[in-house]
Amino acid sequence: MNKKYSDKELLEAVENWRKSISEKIKKEDFKRNKREANPIKKTLNNLKKEFKKQSKNSNDDWNSIWKQVVGEEIRNYTRVKRWHNGFLEIIVENPILRSELDAFFKNSLIDSIKELISDEKVIRGIKFISN
């Protein structure tokens with residue numbers, strides 16, 4: 001009843017066993033990594049949502065900066081649409097005012113904004129948009 005195995009058969013059995021255990025470990029590691037990745041994915045999504053909220057809320061900040069730079073009179077005819085890729089987009093109700101701001105005052109407005117904010121790299125330019 002007791003069968004004797006040759007060395008070759010024993011080595012093959014051990015090798016097969018090692019391979020099956022190795023595959024099981026890989027599958028378990030994959031499952032565990034997948035489970036651990038879900039909280040990271042959720043955290044990244046939450047951060048993304050928070051960043052979007054902050055960028056929407058930052059229009060209030062840009063509006064106050066714009067008001068400080070141009071004053072109340074011009075502020076009555078303009079409003080900040082958004083800040084996008086370093087450009088502040090300003091909606092101007094009057095086309096004549098828009099062309100004057102664009103042609104004569106753009107550079108001085110950019111310099112004034114850079115003085116008010118701490119990071120000069122935040123703003124690269126201003127785009128004036130007709131209403």
Side-chain angles (χ1 to χ4, degrees):
M1 278 198 133
N2 288 343
K3 181 179 177 186
K4 294 208 173 200
Y5 295 98
S6 69
D7 289 340
K8 184 179 178 182
E9 290 172 327
L10 286 173
L11 285 174
E12 284 177 6
V14 167
E15 186 63 27
N16 289 338
W17 176 79
R18 188 190 64 76
K19 284 180 183 177
S20 70
I21 293 296
S22 174
E23 288 299 316
K24 288 179 183 178
I25 290 172
K26 285 179 185 176
K27 287 178 184 176
E28 286 300 315
D29 282 345
F30 178 76
K31 288 177 185 175
R32 186 179 70 240
N33 288 339
K34 191 174 178 181
R35 281 191 307 266
E36 290 172 356
N38 283 336
I40 294 171
K41 187 176 182 178
K42 287 178 185 176
T43 302
L44 289 174
N45 285 337
N46 289 339
L47 287 172
K48 193 177 185 182
K49 287 177 187 175
E50 186 64 31
F51 180 75
K52 284 182 181 179
K53 282 181 190 175
Q54 287 179 358
S55 64
K56 286 179 183 175
N57 293 338
S58 68
N59 267 0
D60 294 336
D61 297 335
W62 284 113
N63 277 318
S64 67
I65 290 170
W66 181 248
K67 184 178 178 181
Q68 289 176 22
V69 169
V70 296
E72 191 67 36
E73 189 173 329
I74 293 177
R75 174 66 182 98
N76 289 334
Y77 298 100
T78 61
R79 70 178 186 276
V80 175
K81 180 180 180 183
R82 67 179 180 162
W83 175 86
H84 183 68
N85 290 335
F87 287 90
L88 189 59
E89 295 180 2
I90 306 294
I91 297 174
V92 184
E93 293 178 10
N94 186 320
I96 295 170
L97 178 61
R98 185 193 68 76
S99 63
E100 285 185 8
L101 289 172
D102 197 28
F104 302 114
F105 298 104
K106 184 186 275 189
N107 291 332
S108 63
L109 290 170
I110 292 170
D111 292 339
S112 298
I113 291 171
K114 285 182 178 181
E115 287 178 15
L116 284 175
I117 56 178
S118 60
D119 188 5
E120 289 188 4
K121 294 179 183 177
V122 169
I123 186 159
R124 297 182 343 192
I126 299 175
K127 293 180 183 178
F128 294 104
I129 303 166
S130 293
N131 194 9

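- Closest approach of I123 and K114 over heavy atoms only: O-CE, 3.4 Å.
- Taking CG of L88 as the start and NZ of K81 as the end, the distance is 12.0 Å to the nearest 0.5 Å.
- Contact of the I129 side chain with the V92 side chain is not registered, since no non-hydrogen atoms from C-beta on lie closer than 4.5 Å.
- A continuous path of Ile, Leu, Val, Met, Phe, Trp and Tyr side chains, each step under 4.5 Å between heavy atoms, connects I110 with V80, placing both in one hydrophobic cluster.
- Cluster membership for F104 and L97, using ILVMFWY side-chain heavy atoms within less than 4.5 angstrom, is shared.
- Rounding to the nearest 0.5 Å places NZ of K67 at 4.5 Å from CD of E72.
- The line from CD of E93 to CZ of R98 is 14.0 Å long, rounded to the nearest 0.5 Å.
- Between the OG atom in S112 and the CZ atom in F105 there is a gap of 11.0 Å [rounded to 0.5 Å].
- Screening V70, T78, I90 for a side-chain contact (heavy atoms from CB on, under 4.5 Å) involving L101 leaves a single residue, T78.
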**Report entry** side chain to side chain contact (heavy atoms under 4.5 Å, CB included) assessment of I91 paired with F128
**Finding:** CA-CA 6 Å; I91 297 174; F128 294 104; over 6 Å; no
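- Between W62 atom CH2 and E89 atom CD the span is 12.0 Å, to the nearest 0.5 Å.
- Scanning both residues, F87 and I126, for their nearest heavy atoms gives CD2-N, 4.1 Å.
- For R79 against R75, the heavy-atom pair with the smallest separation is CA-NH1, 3.5 Å.
- Counting non-hydrogen atoms of other residues, nucleotides and ligands closer than 6.0 Å to NZ of K106 gives a total above 12.
- By the 6.0 Å contact criterion, CD on E73 is open, its count of non-hydrogen atoms from other residues, nucleotides or ligands being 12 or less.
- In this structure, E100 CD and N94 CG are separated by 8.5 Å, a value rounded to the nearest 0.5 Å.
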